[in-house]
Amino acid sequence: MEFEAKNGHLMWDGCDTVTLAEKFGTPLYVFSQTMIEEKCQELKRDFVDKYKNVRVAFASKAFSTLAMLKIIQKQGFSLDVVSDGELYTAIKAAFSGEHIEMNGNNKSLEELEMALDYGVGRIIVDSLQEVDLIAGIAKEKQKVVDILFRITPEVNVQTHSFISTGQKDSKFGIPIDESILFPQIQHAIERPEVNFLGFHFHVGSQLFDNQSHLAAVEIALDLVKMVRERFDYTIKELNFGGGFGVRYTEADQPKPFSYFTDPMMEKVLAFCQKEHFPQPAVVIEPGRSIVAEAGISLHRIGAIKELPGLRKYVSIDGGMTDNIRPGLYEAKYTGVLANKAESAPAEKVTVSGKACESTDILVKDIELPTVETGDLFATFSTGAYGYSMASNYNKLAIPEVVLTKEGQAEIIVKRQTLDQIIQNEVVPGFLK
Ligand code: LLP
């Protein structure tokens with residue numbers, strides 16, 4: 001991986017990572033605002049400013065904090081939320097309601113009420129009961145809600161099966177079956193409390209090939225045509241989800257956004273011209289691709305265990321509790337010794353976490369300079385689904401998060417304290 005080093009130290013957005021670890025402690029997530037903004041600029045240049053009537057909605061599940069949402073809002077992007085907690089974070093960040101889109105395969109009544117009260121711009125319907133549920137709440141609140149249907153386009157996706165979502169046998173979305181989807185469309189068209197805008201799909205995550213997206217776009221466009229033929233109704237919006245892959249290790253060869261968006265738009269525009277259709281709004285929902293590579297994690301090396309002829313384990317002061325992805329998806333990462341960033345590799349080690357779990361291995365067999373207790377290990381590309389999937393397993397505290405911008409660094413999430421870990425626990429009277 002390419003990185004910048006100065007005086008032997010890994011530099012991140014103009015900050016010396018060794019100094020950051022000393023100042024803020026470890027484990028530490030470090031996010032470069034500069035790098036997040038660079039990704040947003042690329043999206044603006046090659047998508048938002050290039051085409052008419054298109055939007056980017058950041059999938060906040062990848063990294064949802066007040067500061068991150070401020071960055072996204074400043075870019076003029078929309079936001080995808082999937083729960084009361086993500087919506088609450090957006091509300092607290094004063095994210096404008098009309099720019100929020102709500103996804104989720106099992107939205108509760110309370111979540112939908114919260115969404116309507118805040119005036120979220122779109123609700124992406126994911127199940128058959130949902131139209132009536134939304135319409136009922138809307139009627140009570142005397143509102144009309146813009147909705148899309150999330151469909152399962154049934155395309156093959158080349159990614160880990162755990163993060164593949166577009167197949168028919170999925171808990172997400174509504175299958176494109178005559179008897180299932182079409183009655184719902186008719187119902188949505190008829191109910192005055194909902195304004196049926198169009199379709200949404202999300203085929204999967206961490207994709208390097210555009211084929212699944214393009215196949216799904218074709219399926220969505222076929223549906224647009226069918227809706228016009230059957231219901232004499234014009235679809236006004238299509239949402240093509242996220243899923244654009246990023247670089248975790250040298251083996252990953254991510255493509256620019258335009259590799260996905262240009263041919264998708266080409267298909268949409270060609271369809272509209274051929275079928276004499278007004279161009280629908282097109283939305284994409286990238287999460288990982290905006291934030292993954294902008295984030296690194298810093299861990300202090302503690303115990304070193306050499307098993308002669310077998311393996312050398314070097315343990316860090318965190319692990320699966322701040323990055324579950326290796327344990328959950330066998331995700332591969334790479335990193336450097338941040339305090340020996342310019343030293344040549346000298347040994348092969350396995351970087352292991354401190355949770356009581358054999359799968360808590362962060363990086364297997366990585367070449368590093370001679371590792372000593374007290375060294376600082378930096379893992380690259382931990383910005384997406386690292387902090388957002390962190391847990392308190394083994395009652396380890398959720399680490400601090402720092403945002404950097406050209407040499408400045410500020411805390412955006414404070415380190416959880418031990419008191420906070422147990423703050424909601426109660427001992428019942430009969431145990432006292
Ligand atoms: N839109 C919808 C409806 C989604 O379900 C997702 C991700 C996204 C957008 C954003 O996808 P992205 O651009 O980040 O690939 N925890 C897993 C990833 C789960 C993704 C779930 N949905 C991981 O760490 O790989």
Short side-chain to backbone donor-acceptor contact, Asp46 and Ser258, under 3.5 Å: no
Whether Glu101 side chain and Val81 backbone form a donor-acceptor pair below 3.5 Å: no
Centroid separation Phe149 to Phe196 less than 6.0 Å: yes
Results of side-chain hydrogen bond (donor to acceptor under 3.5 Å, both in side chains) for [X] - residues two or more places apart only:
{"X": "Tyr51", "result": "Asp262"}
{"X": "Glu22", "result": "none"}
{"X": "Arg311", "result": "Thr350, Asp365"}

Residues Arg300, Asp317: salt bridge by 4.0 Å N-O rule: no
Check ion pair Arg122-Glu98 (N to O, under 4.0 angstrom): no
pair Met264-Ile284: side-chain heavy atoms closer than 4.5 Å: yes
Residue pair Ser78 / Val283, side-chain heavy-atom distance below 4.5 Å: no
Can you establish whether the number of heavy atoms outside [X] located under 6.0 Å from its atom [atom1] is more than 12?
{"X": "Glu330", "atom1": "CD", "answer": "no"}
{"X": "Glu410", "atom1": "CD", "answer": "no"}
{"X": "Gln273", "atom1": "CD", "answer": "no"}
{"X": "Lys340", "atom1": "NZ", "answer": "yes"}

Spacing of CG belonging to Leu221 relative to SG belonging to Cys272, to within rounding of 0.5 Å: 7.0 Å
Intermediate values then yes/no, side chain to side chain donor-acceptor pair (under 3.5 Å), Ser205 and Arg288: CA-CA 8 Å; Ser205 209; Arg288 187 193 318 264; 2.7 Å; yes
